[in-house]
2 protein chains.
Amino acid sequence: MQELIKFINQYSNLSESSVVALEQRVVFESYEKNEIVLRQGDRANKVWFIKKGLLRKFYYNNGKEITTWIHAENEMFTSMHSYFQQKPSQETIQAIEDSELISLSYEKSVELNQYPEFNSFSQELLTKQFSAIDEFSKRFSLMSASEKYNALIEIAPEIIKRAKLGYIASILGISQETLSRIRSKK
Amino acid sequence: MQELIKFINQYSNLSESSVVALEQRVVFESYEKNEIVLRQGDRANKVWFIKKGLLRKFYYNNGKEITTWIHAENEMFTSMHSYFQQKPSQETIQAIEDSELISLSYEKSVELNQYPEFNSFSQELLTKQFSAIDEFSKRFSLMSASEKYNALIEIAPEIIKRAKLGYIASILGISQETLSRIRSKK
DNA sequence: AATTTCTTTTGACTTAAATCAAAAAAACGA
DNA sequence: TCGTTTTTTTGATTTAAGTCAAAAGAAATT
């Protein structure tokens with residue numbers, strides 16, 4: 001729980017009363033490896049914070065799973081468009097290691113918006129996360145396969161260390177075989 | 001001005017008093033073809049609405065201009081990450097036709113946030129625009145050159161009609177020659 | 001510990017699109 | 001209107017990465 005508070009404080013400074021308000025509203029959840037946290041088509045009515053574990057976001061394209069990102073400890077995640085617009089999610093979120101999460105529902109987060117600290121936190125989180133996605137997709141679209149791989153090592157070493165080859169290749173938009181060859185030469 | 005109000009009303013319903021408050025704060029601006037509206041490195045301290053004209057967003061990569069999008073009449077634009085985080089812009093915005101714009105500064109928009117209608121408008125605009133960018137980049141990254149071109153015809157016919165080949169190719173992340181060949185066969 | 005299943009590697013071949021170069025067409029300015 | 005500059009088209013060639021197929025290696029299940 002301290003990790004979550006620390007995370008939020010990066011964006012906005014929580015008062016003692018707002019910390020209490022937060023603690024009263026969060027829920028602890030556990031998922032086993034391969035369990036689905038959010039299914040495509042369902043509404044993302046929560047945001048989650050990762051205490052422990054690894055979570056994968058993906059969607060289907062012609063029956064194939066396309067992994068878009070993998071989140072690790074001390075990160076927050078949700079299906080952004082689904083949560084902020086309260087519409088069905090395009091993406092599925094799956095635990096790819098046994099995971100322990102702290103969740104906050106949309107309704108409770110609306111309650112917390114009475115506290116201006118939370119208001120600015122969610123605005124900033126929204127902006128930063130989307131900016132990051134935007135920048136990531138623009139930067140990566142101009143790189144070769146191995147440049148993308150090297151850039152991912154820099155920005156997300158946890159993914160490289162813990163996720164399997166196929167998922168990493170999918171994030172980079174390259175084939176498994178190509179990633180395997182990139183790794184073998186060096 | 002009615003066009004702008006109509007635009008905002010798509011997201012949120014403006015009261016009469018908030019319309020007046022808005023009218024008192026906007027500024028009309030004109031740009032000639034090729035003029036720069038926002039320069040890379042400068043802070044985007046405005047959002048603009050297009051009454052007339054065509055505006056191009058681009059950034060530099062290895063000295064080459066990469067066009068990310070082109071906006072036409074009745075759309076709002078700004079450098080999203082720069083405006084919402086009030087940081088220097090990565091992208092440059094340029095008029096590529098003689099253009100007439102209505103602008104609202106960041107400071108004035110903060111004033112308008114006293115009106116809850118504007119608050120929900122800017123939150124929704126932020127969410128929708130970023131969701132659109134996100135979806136666009138994900139969908140397009142899996143398509144072939146000609147599939148991307150056909151998809152762009154669907155979602156942005158104005159760009160296809162009015163922007164030059166090189167800009168369109170750049171948005172699609174393909175070479176000019178490839179786009180020219182796609183067009184010639186059909 | 002053995003068998004089955006899943007994941008990664010390696011090889012051979014194909015292909016979509018990039019690059020380089022030059023010609024043709026269109027737009028612009030004096 | 002003519003010459004200059006910009007933009008688009010066409011042709012020839014190269015290349016990065018995909019696909020298909022099979023082997024090797026690792027992990028999970030009984």
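Keep in mind the model is a prediction, meaning the values are calculated, not measured. Each chain gets a letter, A, B and so on, in the order the sequences are listed, and its residues count up from 1.
- Checking side-chain atoms of B/T127 against main-chain N and O of B/Q123 turns up a donor-acceptor pair under 3.5 Å.
- As a member of the Ile/Leu/Val/Met/Phe/Trp/Tyr network built from side-chain separations under 4.5 Å, A/Y60 groups with A/F58.
- For the pair B/K51 and B/E29, the salt-bridge criterion is not met [side-chain N within less than 4.0 Å of a carboxylate O].
- To the nearest 0.5 Å, atoms CG (A/N74) and CD (A/Q10) are separated by 8.5 Å.
- Pairs engaging residues 151-167 of chain B under the salt bridge (charged side-chain N to carboxylate O under 4.0 Å, His left out) rule: B/E73-B/R162, B/E97-B/R162, B/E158-B/K161, B/E158-B/R162 [sequence neighbours left out].
- Per the geometry, CD belonging to B/E65 stands 11 Å off P belonging to D/dT7, to the nearest Å.
- Side-chain heavy-atom separations under 4.5 angstrom define the hydrophobic clusters, and B/V27 shares its cluster with no other residue.
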Determine all donor-acceptor pairs shorter than 3.5 Å in which one atom belongs to a side chain in residues 134-144 of chain B; sequence neighbours excluded.
{"unit_1": "B/D134", "atom_1": "OD1", "unit_2": "B/K138", "atom_2": "NZ", "d": "2.9"}
{"unit_1": "B/D134", "atom_1": "OD2", "unit_2": "B/K138", "atom_2": "NZ", "d": "3.3"}
{"unit_1": "B/S137", "atom_1": "OG", "unit_2": "B/I133", "atom_2": "O", "d": "3.2"}
{"unit_1": "B/S137", "atom_1": "OG", "unit_2": "B/D134", "atom_2": "O", "d": "3.0"}
{"unit_1": "B/S141", "atom_1": "OG", "unit_2": "B/S137", "atom_2": "O", "d": "3.4"}
{"unit_1": "B/S141", "atom_1": "OG", "unit_2": "B/K138", "atom_2": "O", "d": "3.0"}
{"unit_1": "B/S144", "atom_1": "OG", "unit_2": "B/E147", "atom_2": "N", "d": "3.3"}
{"unit_1": "B/S144", "atom_1": "OG", "unit_2": "B/E147", "atom_2": "OE1", "d": "3.4"}

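- In 5' to 3' order, the nucleotides of DNA chain C bounding all contacts with chain A (an atom under 4.0 Å from a heavy atom) are C/dT7 to C/dA12.
- Side-chain contact of B/T67 with B/R56: a donor-acceptor pair under 3.5 Å is present, judged by distance alone.
- Listed by residue number, the members of residues 158-168 of chain B with any heavy atom below 4.0 angstrom from DNA chain D are B/K164, B/L165, B/G166.
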Contact letters for nucleotides 17-24 of chain D, in which S counts primed atoms plus P, OP1 and OP2 and B counts the base, heavy atoms under 4.0 Å: SSBBB---
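- Taking B/S131 as the reference, A/Q85 meet the side chain to side chain donor-acceptor pair (under 3.5 Å) condition, with sequence neighbours excluded.
- Taking Ile, Leu, Val, Met, Phe, Trp and Tyr as members and joining any whose side-chain heavy atoms lie under 4.5 Å apart, directly or through other members, the hydrophobic cluster of B/I93 also contains B/Y31, B/V37, B/L38, B/W48, B/I50, B/L55, B/F77, B/L101.
- Within the structure, salt bridge (charged side-chain N to carboxylate O under 4.0 Å, His left out) contacts touching residues 103-130 of chain A (residues at least two apart or in different chains) are A/R25-A/E111.
- Rounded to the nearest 0.5 angstrom, A/E65 CD and A/E91 CD are separated by 13.0 Å.
- Atoms CD1 (B/I182) and P (D/dT10) sit 14 Å apart, rounded to a whole Å.
- A ring pair (Phe, Tyr, Trp, His ring centres under 6.0 Å) check over residues 85-112 of chain B, counting only residues at least two apart or in different chains, returns the pairs B/Y83-B/Y106.
- Axis orientation changes by 50° from one end of the helix from C/dA1-D/dT30 to C/dA30-D/dT1 to the other, with each end axis drawn from 5 pairs and the value rounded to 10°.
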